[in-house]
Amino acid sequence: MSDNKVLEGMKIPEHVAIIMDGNGRWAKKRMLPRNMGHVQGAKTVEQICEDADSVGIKYLTVYAFSTENWSRPEKEVNAIMKLLRNYLKDCIKRANSNNMKVRVIGERSRLSEDIREKIEELEEASKNNTGLNFTIALNYGSKDEITRAVKRLAKDCVDGTADVDKIDEAMISGYLDTAGIPDPDLLIRTSGEERLSNYLLWQLAYAEFYFTDVLWPDFNKDELIKAIEKYNGRDRRYGGVNEE
Ligand code: FPP
């Protein structure tokens, strides 16, 4: 707990979203196969959930697999799916021991049936937990999410369960996979890349961005604290002005 002292008096972002990048480069630097980078990256995910909770972050959302990641070599896609399969299985135990509520966002039909079942089991088993709200973006792409939301909303308008004239920002948010989750306050992307890569485009409208050269497998609590310190130095105006 003592390393949390540096955060005393600081504003803790309620929701942190992360683009976990650099697993491949981490492995390459060590002459290891790329998959070892993902294995280490998954360990970092476990640790950072604990760290986020311990500093008072309420929502953490990570980009585990994008709609574009299917274009990677089949061997790598299979290795990531295997890793996710094992992670989801272990996560049921872990979520209950650390009171974490887990949700998965993204398009599920392309995932294998056993992964879909594990996701449902995990969400069901952890739904009443009151600690960290952990969201995993899996086969997720923001444009895909918005397209699916628009289709559902259009159908509801045709069926008469929604009214075109009543559509507002809150209603659209409610049709997204992230319905009920507050928008992120802080986005972290590791490995020196500075782009959004189709991640939470609607939800990140007013988030602060923090980019670091640290590769995801090396990301740790100290790095998380640095991101929060930087966030505290920012002046969030939401399009308005702050009077001097
Ligand atoms: C980006 O690194 C990482 C991914 C596309 C996969 C992320 C997956 C994990 C961290 C492991 C599983 C996730 C969970 C939730 C357990 P990259 O391969 O693009 O790295 P590079 O840019 O250095 O090649």
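Note that ligands are numbered from 1 as they come in the structure, with each ligand's atoms numbered from 1 the same way. The residues of the chain are indexed from 1 along the displayed sequence.
Nearest protein heavy-atom neighbour of atom 3 (C) of ligand 1: Met20 O, 3.2 Å. In terms of protein heavy-atom proximity, atom 11 (C) of ligand 1 is nearest to His38 O, 3.7 Å. Of the protein's non-hydrogen atoms, Ala64 O, 3.4 Å is the one closest to atom 6 (C) of ligand 1.
Considering backbone and side-chain N/O atoms, Asp21 comes within less than 3.5 Å of an N/O atom of ligand 1. Polar contact check, Asn23 against ligand 1: a nitrogen or oxygen pair lies under 3.5 Å apart.
Only side-chain heavy atoms of Arg72 come within less than 4.0 Å of ligand 1; its backbone N, CA, C and O stay farther off.
Close approach of ligand 1 to Asn69 (heavy-atom distance below 4.0 Å) involves ligand atoms 5 (C). Taking a cut-off of under 4.0 Å to the non-hydrogen atoms of Tyr87, the atoms of ligand 1 that pass are 16 (C). Here is the list of ligand 1 atoms found below 4.0 Å of a heavy atom in Arg34: 17 (P), 18 (O), 24 (O). Listed by atom number, the atoms of ligand 1 under 4.0 Å from Arg25 heavy atoms are 21 (P), 22 (O), 23 (O). Those atoms of ligand 1 with a heavy atom of Gly24 less than 4.0 angstrom away are 17 (P), 18 (O), 20 (O), 21 (P), 23 (O), 24 (O). For ligand 1 and Leu84, the ligand atoms under 4.0 Å from any heavy atom of the residue are 13 (C), 14 (C).
Glu193 does not count as a contact of ligand 1, since none of its heavy atoms falls under 4.0 Å from the ligand. The shell of residues lying under 4.0 angstrom from ligand 1, judged by heavy atoms, excludes Lys28. Remark: distances from the non-hydrogen atoms of Ser191 to ligand 1 are all 4.0 Å or more.
Taking OG1 from Thr190 and CZ from Phe219, the interatomic distance works out to 7.5 Å, rounded to the nearest 0.5 Å. Asn133 CG to Ile57 CD1: the interatomic distance, rounded to the nearest 0.5 Å, is 12.0 Å.
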From CA spacing to verdict: side-chain hydrogen bond (donor to acceptor under 3.5 Å, both in side chains), Asn96, Asn129: CA-CA 7 Å; Asn96 287 329; Asn129 290 347; 3.0 Å; yes

Before giving the answer on salt bridge (Lys or Arg N to Asp or Glu O under 4.0 Å), spell out for Asp144 and Arg148 the whole-Å C-alpha distance, their side-chain angles and the decisive distance to 0.1 Å. CA-CA 6 Å; Asp144 173 70; Arg148 286 185 285 106; 2.9 Å; yes

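For the pair Gln47 (side chain) and Asn220 (backbone), a donor-acceptor distance under 3.5 Å is absent.
Each of Thr61, Thr178, Asp177 was compared with Gln203 under the side chain to side chain donor-acceptor pair (under 3.5 Å) criterion, and only Thr178 meets it.
The closest side-chain donor-acceptor pair between Trp70 and Asn139 falls under 3.5 angstrom. With no hydrogens or angles considered, no side-chain donor-acceptor pair links Asn86 and Lys118 at under 3.5 Å. For the residue pair Ser191 and Trp216, no side-chain donor N or O sits within less than 3.5 Å of a side-chain acceptor on the partner.
Between Tyr199 and Tyr140, the ring-plane angle classifies as perpendicular under the 30° and 60° cut-offs.
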